[in-house]
Amino acid sequence: MITHPAPSALLTTLGFLLAAAALPAQDARLEWLPADASVKFGYYMPQRLTLSATRPASLKKMPDGVTKPLFGEITFGPAESARKVIVLVDEPANGTQRLWVDCNANGDLTDDPPATWSGRKVTSKGRDSTTFNGTATLRMSYDGKEREQQLSLYRFDPATRADAKTMLLYYRQYGYTGEVTLGGKNFKAMLDDGRATGDFRGKEGDTKGSGVDLLLDLNGDGKFDSRSERFDVRKPFNVAGTTYEITGLTASGTGLQFIKSDKTVEETKPAATVIVGAKPPSFTAKTTTGQAVKFPDDYKDKVVLLDFWATWCGPCRAELPNLKAVYEEFHSQGFEVLGVSLDNEDSVKKLAQFTKDNGMPWPQIADGKFWDAELARFFGVHSIPHCIVYSGRTGMIVALTDKSRGSLLRTSVASALGQKVTTPAPSASAKSSATKSGRVAPAAGSGIAPEAEHPSVTDPLLAKAAAALKAGQLMSADTLVKQRQNPQAGSVKLPAPATTKLDGRDIARLARESYLRVGWYYLCTRCDHWHTKLAGGYAVAPDALATAWHVMTPPDTMKEGYALVADGAGNVVPVTGVVAADQRMDAIVLRATGAKMKPLALSAAEVGDAAFCFSDPLKQRNYFSAGIVNRFHLLNDNGTQSADAGDTANLRVNVSTDWGPGSSGAAVLDIFGNVIGHVATITSLKGGTNNTAWMTIHDAIPAQSVRTLLQPAASAAP
């Protein structure tokens with residue numbers, strides 16, 4: 001990724017800050033995070049350290065056995081008393097690369113806690129390379145008190161990059177997190193020493209900014225947008241019409257206070273919240289031909305794709321044939337496209353000719369502001385192509401980028417127009433604008449990603465998955481796919497079905513305790529970052545779990561991947577094999593050893609039985625709903641079928657509990673707390689002259705089908 005250029009520096013003298021009157025009810029309540037804070041920030045800024053064979057003058061004692069040393073020095077701590085932290089990389093010609101960091105900055109590399117440093121081999125386009133990643137915990141004194149501050153370090157293989165031979169990259173893993181009150185309103189907040197200097201006051205007079213930022217979750221979505229929710233601590237900022245300045249900050253990051261500024265700066269407005277199933281943000285604009293557009297009001301009874309793109313964007317151009325095909329197929333039925341171009345002042349001059357030459361008859365909005373295009377900022381667009389599918393018939397957003405590119409665009413549009421489309425309820429992938437598309441905005445704080453961390457996803461499971469992979473606890477995608485075709489059958493002791501009725505509260509508790517997150521931890525082909533793509537699952541035995549087959553189908557953008565299972569506490573559950581699998585049945589059972597899973601019994605159900613489901617639909621974590629068993633049917637025969645139908649691979653059960661994308665594989669429970677099925681697909685039924693959405697059909701895989709799949713491996717527990 002490319003680091004987003006910081007706004008021009010606005011110098012504020014300390015004398016003014018101290019003289020200004022403090023505002024009432026403006027305060028910060030922040031707690032120190034000494035390590036692993038990068039995931040919470042959602043980004044990082046890699047700092048480049050140049051390595052040299054020249055021994056630093058401050059080095060007093062070397063470790064034994066070093067044969068080919070490279071040295072570097074990181075300046076760290078309060079500006080007026082900063083210290084030199086020596087970094088030593090030993091890369092012997094026929095040995096393993098090693099790392100030492102002078103964590104206490106005393107010049108002695110033999111008295112520090114060992115830094116972690118491990119290599120990761122990756123094969124890309126038939127070429128092997130090894131990237132090294134590690135951490136070191138610095139021990140620095142602030143106001144006479146010692147404090148630990150963790151750094152992450154990584155180094156690329158010199159065989160893959162010309163500059164890698166003398167380059168080491170590092171970034172901060174420490175910071176502050178908590179809340180800030182401004183204007184009587186509380187905001188989730190973080191304080192970030194992004195340049196990893198060890199001084200939270202920031203650098204004064206730097207045109208690129210001070211390097212220290214206050215992050216405020218202004219729109220309450222639980223994330224920090226790098227452009228609209230990130231404020232330089234040395235510059236005034238305007239929230240809700242009031243301009244503030246920060247004072248009182250010490251090098252250690254304590255003493256943060258806010259004062260009202262006599263300067264006037266433009267109010268920072270957070271990006272709109274855009275989610276499937278919600279109303280879209282509204283706006284008015286003019287197209288490149290001068291036509292007024294009022295969105296979404298102008299698209300009543302229409303289905304429209306709001307397409308953020310640019311003529312200079314390769315992936316956008318590659319997507320054009322597919323977009324044109326869908327437009328030509330469905331335009332007469334009410335499908336429209338509204339383009340929002342991120343072309344700059346120069347390329348926007350070619351926009352009209354480009355759209356004409358490429359057969360793009362739909363209107364375009366373009367203000368020539370590149371990544372700072374007003375609508376791009378308003379919608380929080382950080383990468384393109386970025387797509388939003390809106391249905392004027394329901395007034396809701398029906399799909400985002402991950403479901404509106406390639407063949408999925410046709411599926412989303414056809415469904416929104418009322419055509420019957422049956423698709424799997426897919427596992428929820430990480431929603432990161434910096435990872436879904438080919439051209440990524442130069443977002444502030446982003447940079448070259450180390451192999452085992454994704455800088456723009458806040459799920460702490462990423463770090464745990466990286467640690468599990470390093471410990472050899474994750475099964476590779478290749479191994480799982482092979483075993484899925486030839487399962488390793490073995491004994492599975494299924495618990496006997498419960499017979500005591502539970503109330504709703506107890507069923508919810510049981511479902512929550514037994515729920516598993518199941519899917520993939522993988523390196524993406526589009527952005528070279530690590531993601532998780534997870535749905536649901538449930539334990540059927542102390543050492544075995546079940547989910548939907550399609551949940552364990554590797555993502556299309558996987559370069560390298562591993563099966564990932566986690567319990568409700570976020571602990572990684574090691575998968576060791578495939579016990580049974582059936583694609584037609586949409587079911588797979590995995591072996592998991594050394595885990596503390598709570599198994600649920602498989603039981604039969606009948607039409608009219610109460611049903612309950614606990615899952616994470618559309619990333620809405622821990623959603624519990626109730627319904628009933630509606631019917632049983634066969635995929636190849638939509639007529640009424642008995643629950644005892646012999647064709648178990650095609651047998652499905654319709655259940656009226658709620659689920660959505662991300663729910664796949666989650667257990668459906670009965671009133672006794674037994675599993676009667678797991679989430680499989682969703683079908684929207686529409687019709688009539690206005691293509692009215694009549695109902696949504698939820699298909700589950702019956703538990704008795706899974707039990708049949710396990711035979712003869714399954715045996716009843718005593």
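As the structure is a computational prediction, the values presented were derived from the model and not from experiment.
Ala592 and Leu545 get closest at one heavy-atom pair: CB-CD2, 3.9 Å. Closest approach of Pro487 to Val579, counting heavy atoms only: CB-O, 3.3 Å. Scanning both residues, Ile588 and Ala548, for their nearest heavy atoms gives CG2-O, 3.8 Å. Between Leu417 and Gln333, the shortest heavy-atom contact is CD2-O, 3.6 Å. When all heavy atoms are compared, the tightest approach of Trp659 to Cys613 is CE3-SG, 4.1 Å. Of all heavy-atom pairs spanning Ala601 and Ala496, the tightest one is CB-O, 3.5 Å.
Checking side-chain atoms of Asp298 against main-chain N and O of Val293 turns up no donor-acceptor pair under 3.5 Å. The closest donor-acceptor contact from the side chain of Ser404 to the backbone of Leu400 lies under 3.5 Å. A donor-acceptor pair under 3.5 Å is formed between the side chain of Ser625 and the backbone N or O of Asp658. The closest donor-acceptor contact from the side chain of Arg405 to the backbone of Glu319 lies at 3.5 Å or more, if one exists at all. Remark: the backbone N or O of His386 is not paired with any side-chain donor or acceptor of Thr401 at under 3.5 angstrom. For the pair Asp609 (side chain) and Glu606 (backbone), a donor-acceptor distance under 3.5 Å is present. Formation of a donor-acceptor pair under 3.5 Å by the Ser415 side chain with backbone atoms of Thr411 is not found in this model. A donor-acceptor pair under 3.5 Å is formed between the side chain of Ser391 and the backbone N or O of Arg393. The main-chain N or O of Val578 is found under 3.5 Å from a side-chain atom of Gln483 such that the two form a donor-acceptor pair.
For Thr553, the side chain to side chain donor-acceptor pair (under 3.5 Å) criterion is met by Arg484, not counting sequence neighbours. For Ser656, there are no side chain to side chain donor-acceptor pair (under 3.5 Å) partners, not counting sequence neighbours. Annotation: side chain to side chain donor-acceptor pair (under 3.5 Å) contacts of Asp506 (sequence neighbours excluded): none. In this view, Lys302 and Glu336 satisfy the salt bridge (charged side-chain N to carboxylate O under 4.0 Å, His left out) rule, not counting sequence neighbours. By the side chain to side chain donor-acceptor pair (under 3.5 Å) test, Asp567 pairs with Asn571, sequence neighbours left out. Every ring-ring contact (aromatic ring centres under 6.0 Å, His included) that Tyr515 has, sequence neighbours left out, goes to Phe614.
Salt bridge status for Glu328 with Lys324: absent, with no side-chain N to carboxylate O gap under 4.0 Å. Arg591 has a carboxylate O that lies under 4.0 Å from a charged side-chain N of Asp543, or vice versa, which qualifies the two as a salt bridge. A salt bridge between Asp616 and Arg621 is present, with a side-chain N of the basic residue lying under 4.0 Å from a carboxylate O of the acidic one.
Rounded to the nearest 0.5 Å, atoms CD1 (Ile676) and OG (Ser603) are 8.0 Å apart. Once rounded to the nearest 0.5 Å, the distance linking CE of Met552 with CH2 of Trp520 reads 4.5 Å. Distance check, rounded to the nearest 0.5 Å: CZ of Phe612 to OG1 of Thr657 gives 10.0 Å. Considering CG of Asn654 and CZ of Arg631, their distance stands at 4.5 Å, rounded to 0.5 Å. Summarising the geometry, atom CD belonging to Gln583 is positioned 5.0 Å from atom CH2 belonging to Trp549; distances are rounded to the nearest 0.5 Å. Here CD1 of Ile701 is found 5.0 Å from CG of Asp586. Values are rounded to the nearest 0.5 Å.
Considering only heavy atoms from C-beta on, Leu306 stays 4.5 Å or farther from Tyr390 through its side chain. Counting heavy atoms from C-beta on, the side chains of Leu480 and Leu590 come closer than 4.5 Å. Contact check for Val304 versus Phe335: no side-chain heavy atoms found under the 4.5 Å cut-off. Counting only heavy atoms from C-beta outward, the side chains of Leu305 and Leu323 approach each other to under 4.5 Å. Using a 4.5 Å cut-off on side-chain heavy atoms (C-beta onward), Thr532 and Leu564 make contact. Residues Thr500 and Phe672 have side chains not in contact (no heavy-atom distance under 4.5 Å, counting atoms from C-beta outward).
Side chains of His633 and Asp699: a donor on one and an acceptor on the other come within 3.5 Å. A side-chain donor from one of Ser663 and Ser615 sits under 3.5 Å from a side-chain acceptor of the other. In this model, no donor atom of one side chain and acceptor atom of the other lie less than 3.5 Å apart for Asn622 and Arg512.
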**Message:** For Tyr522 and Tyr562: C-alpha separation, side-chain torsions, deciding distance, then whether ring pair (Phe, Tyr, Trp, His ring centres under 6.0 Å) applies.
**Reply:** CA-CA 6 Å; Tyr522 69 101; Tyr562 301 86; over 10 Å; no
**Request:** Given ring pair (Phe, Tyr, Trp, His ring centres under 6.0 Å), test His331 with Tyr327 step by step and report yes or no.
**Result:** CA-CA 5 Å; His331 178 59; Tyr327 180 82; 4.5 Å; yes
